[in-house]
Amino acid sequence: MTVEIERKFLVNSNDFKKEASKSYSIKQGFLNSHEERTVRVRLKNDKGYLTIKGKSSEDGLVRFEWETEITKFEAEQLLTLCEDSIIDKIRYEVNFGNHTFEIDEFFGENDGLVIAEVELQKEDQKLNLPKWIEKDVTNQNKYYNYNLAINPYISW
């Protein structure tokens, strides 16, 4: 059981791809996508994960998170039980300063959307931003994956 402190940003170019230390494919769905809690199933390359996240703080920075690894087979089976839309994306990891930015390039109904996330140790932690960061969207719920599954980017 942990508390996640995270900021989200829109990305304005593909320059991050040249700086990425690794990338992997992610497919994820939601067994529950309520604003009070989400239950997510994720297939990250060949590993499965089950994650429960609590409601975010008002500023969108902090929320409860619990995650456990499951088998690829279990993840594939659970994905068939998920709510309608499955999120399909490639995640890139970029080390910048003292932080690792995780940049998600979305496909399917969220094609064209690119979001960077960075986890922090404390809410008021100083953060230097790479040049490819466009705008802080931490407190905008429409950029949360569970909302992208319900109200995809192509419908905005």
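Source: prediction; values computed, not measured.
Linking ILVMFWY side-chain heavy atoms closer than 4.5 Å, directly or via other members, places Val137 and Ile103 in two distinct hydrophobic clusters. No continuous path of hydrophobic side-chain contacts links Tyr143 to Ile26 [ILVMFWY only; heavy atoms under 4.5 Å].
Within 6.0 Å of the CD atom in Glu36, the count of heavy atoms belonging to other residues, nucleotides or ligands exceeds 12. Within a 6.0 Å radius of CG in Asn128, no more than 12 heavy atoms belonging to other residues, nucleotides or ligands are found.
Looking at heavy atoms from C-beta onward, Phe9 lies in side-chain contact with Leu127 at the 4.5 angstrom threshold. Looking only at side-chain heavy atoms (C-beta outward), Thr38 and Ile52 stay at 4.5 Å or farther from each other. A 4.5 Å side-chain heavy-atom check between Ile86 and Gln28 finds every atom pair outside the cut-off. Between Lys47 and Lys72 there is no side-chain heavy-atom pair separated by less than 4.5 Å. Contact annotation: the side chain of Tyr146 never approaches that of Asn32 to less than 4.5 Å [non-hydrogen atoms, C-beta and beyond].
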Side chains of residues 106-114: which donor-acceptor pairs under 3.5 Å do they make with residues two or more places apart or in other chains?
| residue | atom | partner | partner atom | Å |
| --- | --- | --- | --- | --- |
| Glu109 | OE1 | Ser85 | OG | 3.3 |
| Asn110 | OD1 | Tyr153 | N | 2.7 |
| Asn110 | ND2 | Leu148 | O | 3.4 |

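For residues 123-148, the set of pairs meeting the salt bridge (Lys or Arg N to Asp or Glu O under 4.0 Å) definition, not counting sequence neighbours, comprises Arg7-Asp136. Residue pairs meeting the ring-ring contact (aromatic ring centres under 6.0 Å, His included) criterion with at least one partner in residues 29-51, sequence neighbours excluded, are absent.
If you check the side chains of Tyr144 and Ser56, you find a donor sitting under 3.5 Å from an acceptor.
Pairing each heavy atom of Asp104 with each of Lys89, the nearest pair is OD2-NZ, 2.9 Å. Ile133 and Asn12 get closest at one heavy-atom pair: O-ND2, 3.7 Å. The two atoms that bring Val94 and Ala20 nearest to each other are CG2-CA, 3.7 Å, heavy atoms only. Shortest non-hydrogen contact noted between Leu78 and Ile70 is CD1-CD1, 3.9 Å. The nearest pair of heavy atoms linking Glu117 to Asn145 is OE2-ND2, 4.4 Å. Of all the heavy atoms in Glu83 and Leu31, the pair that sits closest is OE2-O, 3.7 Å.
Looking at residues two or more places apart in sequence or on another chain, you find a side chain to side chain donor-acceptor pair (under 3.5 Å) between Asp88 and Lys27. Under the salt bridge (charged side-chain N to carboxylate O under 4.0 Å, His left out) criterion, Asp15 pairs with Lys18, sequence neighbours left out. Under the salt bridge (charged side-chain N to carboxylate O under 4.0 Å, His left out) criterion, Lys44 pairs with no residue at all, not counting sequence neighbours. Listed by chain and number, the residues in a salt bridge (charged side-chain N to carboxylate O under 4.0 Å, His left out) with Glu69 amount to none (sequence neighbours excluded). In this structure Thr80 satisfies the side-chain contact (heavy atoms from CB on, under 4.5 Å) test with no other residue, sequence neighbours excluded. Partners of Phe96 under the ring pair (Phe, Tyr, Trp, His ring centres under 6.0 Å) rule, at least two apart in sequence or in another chain, do not exist in this structure. When the side chain to side chain donor-acceptor pair (under 3.5 Å) test is applied to Asn95, the partners found at least two apart in sequence or on another chain are Thr100. Among residues two or more places apart in sequence or in another chain, the side chain to side chain donor-acceptor pair (under 3.5 Å) test is passed with Asn45 by none. Every side chain to side chain donor-acceptor pair (under 3.5 Å) that Tyr24 has, sequence neighbours left out, goes to Glu93.
A distance of 11.5 Å separates CD of Glu19 from CG of Asn14, quoted to the nearest 0.5 Å. Here CG of Asn141 is found 9.0 Å from NZ of Lys55. Values are rounded to the nearest 0.5 Å. Note that the CZ atom of Arg91 and the OG atom of Ser23 stand 11.5 Å from one another [nearest 0.5 Å]. Atom CG of Leu61 is separated from atom CD of Glu4 by 10.5 Å, given to the nearest 0.5 angstrom. Rounded to the nearest 0.5 Å, atoms CZ (Arg37) and CZ (Phe64) are 12.0 Å apart. Atom NZ in Lys8 sits 11.5 Å away from atom CD in Gln140 (nearest 0.5 Å).
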**Request:** Walk me through it: do His99 and Gln125 pass the test side chain to side chain donor-acceptor pair (under 3.5 Å)?
**Result:** CA-CA 11 Å; His99 294 92; Gln125 186 173 351; 3.0 Å; yes
**Asked** When you look at Lys17 and Glu105, which way does the salt bridge (Lys or Arg N to Asp or Glu O under 4.0 Å) test go after all the steps?
**Response** CA-CA 10 Å; Lys17 291 181 181 180; Glu105 179 180 23; 3.2 Å; yes
**Item:** Worked verdict on Phe101 versus Phe16 for ring-ring contact (aromatic ring centres under 6.0 Å, His included)
**Value:** CA-CA 10 Å; Phe101 285 80; Phe16 67 89; over 10 Å; no
**Request:** May I have the step-by-step check of side-chain contact (heavy atoms from CB on, under 4.5 Å) for Ile115 and Val11, ending in yes or no?
**Result:** CA-CA 6 Å; Ile115 297 175; Val11 174; 5.9 Å; no
**Request:** Output, in order, the C-alpha distance, side-chain angles, deciding distance and verdict of side-chain contact (heavy atoms from CB on, under 4.5 Å) for Glu76 and Leu43.
**Result:** CA-CA 7 Å; Glu76 289 170 339; Leu43 187 58; 4.0 Å; yes
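Taking the charged nitrogens against the carboxylate oxygens, Lys53 and Glu67 have no contact shorter than 4.0 Å, which rules out a salt bridge.
With hydrogens and angles disregarded, a donor-acceptor distance shorter than 3.5 Å links the side chain of Trp156 to the backbone of Asn151. Gln77 contributes no side-chain N or O that, together with a main-chain N or O of Glu74, makes up a donor-acceptor pair within less than 3.5 Å.
Outside the 6.0 Å centre-distance limit, the rings of Tyr92 and Trp132 are not counted as a close aromatic pair.
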